[in-house]
**Student:** 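Have a look at this one before I ask anything.
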Amino acid sequence: VLPNLVFAESNISGWGKAKWGMTFSEVTKLYGLKNWELGDTPISKLKKKVKILGHDFAVAFYFDERSANGKLYKVTIARFDTTKRDSAWLNSIKNILVEKYGNPTLFDVKDRMKISMWIKSAGQLKLTTLTGKTVMCAIEYISVRTEREKL
């Protein structure tokens with residue numbers, strides 16, 4: 001008999017209610033998105049920050065084209081803190097992700113930066129944390145579908 005934890009592991013098919021391949025219009029109906037960001041990459045951010053363990057995070061949605069029909073392929077949630085420098089909560093973030101997705105597929109440490117990656121059939125999850133003068137936490141949800149499958 002396999003432990004229940006094995007069955008608890010989730011695939012990475014998007015972030016929250018937003019799933020890979022949803023159009024910009026569909027995601028906008030689920031979440032209040034701002035207008036497109038300037039630059040070449042079609043990015044739209046949430047109007048409001050989300051709270052994770054009492055910390056405010058900005059959320060950015062990446063689409064394959066800058067239109068109402070642009071399809072979602074990546075979501076990034078990030079926090080940069082240059083004031084508090086409290087980094088104890090970063091381990092709690094990783095523990096929450098391990099509880100939901102199982103142990104990371106890959107793990108790397110570069111000086112004060114730690115990178116954990118989960119690779120599943122529908123998507124990847126990358127957690128990057130940095131401690132020091134700036135405390136940074138970035139969580140990237142990335143579709144693994146090919147361009148053809150997304151369209």
**Student:** Specify the closest pair of heavy atoms between Ala122 and Asn11, including all atoms of both residues, with the distance to one decimal.
**Tutor:**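 Distance-wise, the nearest heavy atoms are N-OD1, 3.1 Å.
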**Student:** If I compare all heavy atoms of Phe24 with all of Phe63, which pair ends up nearest, and what's the gap?
**Tutor:**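 In terms of heavy atoms, the two residues are closest at CA-CE2, 3.5 Å.
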**Student:** Can you name the side-chain contact (heavy atoms from CB on, under 4.5 Å) partners of Pro104, sequence neighbours left out?
**Tutor:**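 Lys94, Val98, Ser116, Trp118.
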**Student:** Can you list everything that forms a salt bridge (Lys or Arg N to Asp or Glu O under 4.0 Å) with Glu26? Sequence neighbours excluded, please.
**Tutor:**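 Expected list: none.
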**Student:** With rounding to the nearest 0.5 Å, note down the distance linking OG in Ser13 to CE in Met22.
**Tutor:**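 Taking OG in Ser13 and CE in Met22, the distance rounds to 9.5 Å.
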**Student:** Once rounded to the nearest 0.5 Å, what's the spacing between atom OG of Ser44 and atom CZ of Arg66?
**Tutor:**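 Answer rounded to 0.5 Å: 9.5 Å.
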**Student:** Could you tell me the separation between the OH atom of Tyr141 and the NZ atom of Lys19, rounded to the nearest 0.5 Å?
**Tutor:**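 Output value for this atom pair is 10.0 Å.
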**Student:** Taking the side chain as every heavy atom from C-beta outward, state whether Val59 and Trp15 have any pair of such atoms under 4.5 Å apart.
**Tutor:**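 Yes; the side chains approach each other to less than 4.5 Å.
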**Student:** Would you mind listing every salt bridge (charged side-chain N to carboxylate O under 4.0 Å, His left out) that reaches into residues 39-49, with sequence neighbours excluded?
**Tutor:**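 Qualifying pairs, neighbours excluded: Glu37-Lys45.
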**Student:** Shared ILVMFWY cluster between Phe107 and Ile12, side chains joined below 4.5 angstrom?
**Tutor:**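 No, Phe107 and Ile12 fall in different hydrophobic clusters.
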**Student:** Hey, could you give me the OG1/CG distance between Thr41 and Asp64, rounded to the nearest 0.5 Å?
**Tutor:**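 Separation between the atoms: 12.0 Å.
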**Student:** Checking the side chain of Ser67 only, and the main-chain atoms of Asn69 only, is there a donor and an acceptor separated by less than 3.5 Å?
**Tutor:**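 Here the side-chain-to-backbone pair exists.
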**Student:** Who pairs with Ile93 by side-chain contact (heavy atoms from CB on, under 4.5 Å), at least two apart in sequence or on another chain?
**Tutor:**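 Applying side-chain contact (heavy atoms from CB on, under 4.5 Å) to Ile93 gives Ile52, Leu53, Phe57, Trp89, Leu97, Leu127, Cys137, Ile139.
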**Student:** Under the salt bridge (Lys or Arg N to Asp or Glu O under 4.0 Å) rule, collect the residues that match up with Lys74, sequence neighbours excluded.
**Tutor:**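 Result, salt bridge (Lys or Arg N to Asp or Glu O under 4.0 Å) vs Lys74: Glu140.
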**Student:** Test side chain to side chain contact (heavy atoms under 4.5 Å, CB included) on Trp20 and Val144 and set out the steps.
**Tutor:** CA-CA 9 Å; Trp20 304 137; Val144 294; over 6 Å; no
**Student:** Using a 6.0 Å cut-off, check whether atom CG of Asp111 has over 12 heavy atoms from anything other than its own residue.
**Tutor:**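 Atom CG in Asp111 is not crowded, with 12 or fewer foreign heavy atoms closer than 6.0 Å.
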**Student:** Please write out which residues are connected to Leu106 in a hydrophobic cluster, directly or through intermediates, given that two of Ile, Leu, Val, Met, Phe, Trp, Tyr count as joined at side-chain heavy-atom separations below 4.5 angstrom.
**Tutor:**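 Members besides Leu106, by chain and number: Phe80, Met113, Ile115, Met117, Ile119, Leu130, Met136.
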**Student:** For Lys110, check salt bridge (Lys or Arg N to Asp or Glu O under 4.0 Å) against everything at least two apart and list the hits.
**Tutor:**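 So Lys110 forms a salt bridge (Lys or Arg N to Asp or Glu O under 4.0 Å) with Asp108.
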**Student:** Any salt bridge (charged side-chain N to carboxylate O under 4.0 Å, His left out) pairs touching residues 51-63, not counting sequence neighbours?
**Tutor:**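 Residue pairs with at least one partner in residues 51-63: Lys51-Asp56.
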**Student:** Look only at the side chain of Tyr101 and the backbone of Gln124, and say whether a donor-acceptor pair between them is shorter than 3.5 Å.
**Tutor:**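 No, the answer is negative, given that no donor and acceptor are paired below the 3.5 Å cut-off.
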**Student:** Kindly write out the residues that satisfy salt bridge (Lys or Arg N to Asp or Glu O under 4.0 Å) with Lys114, not counting sequence neighbours, or none if the list is empty.
**Tutor:**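 Result, salt bridge (Lys or Arg N to Asp or Glu O under 4.0 Å) vs Lys114: none returned.
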**Student:** Quick one: list whatever passes ring-ring contact (aromatic ring centres under 6.0 Å, His included) with Tyr62, sequence neighbours left out.
**Tutor:**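 For Tyr62, no residue satisfies ring-ring contact (aromatic ring centres under 6.0 Å, His included) once neighbours in sequence are set aside.
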**Student:** Enumerate the side chain to side chain donor-acceptor pair (under 3.5 Å) contacts for residues 126-137, please, sequence neighbours excluded, ordered by first and then second residue.
**Tutor:**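 Those involving residues 126-137 do not exist here.
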**Student:** Mind checking what makes side chain to side chain donor-acceptor pair (under 3.5 Å) contact with Thr83, not counting sequence neighbours?
**Tutor:**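 In terms of side chain to side chain donor-acceptor pair (under 3.5 Å), with neighbours along the sequence ignored, Thr83 is linked to Asp81.
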**Student:** Any donor and acceptor pair, going by atom type alone, linking the side chain of Thr28 with main-chain N or O of Leu33 inside 3.5 Å?
**Tutor:**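 Flag not set: sc Thr28 to bb Leu33 has no pair under 3.5 Å.
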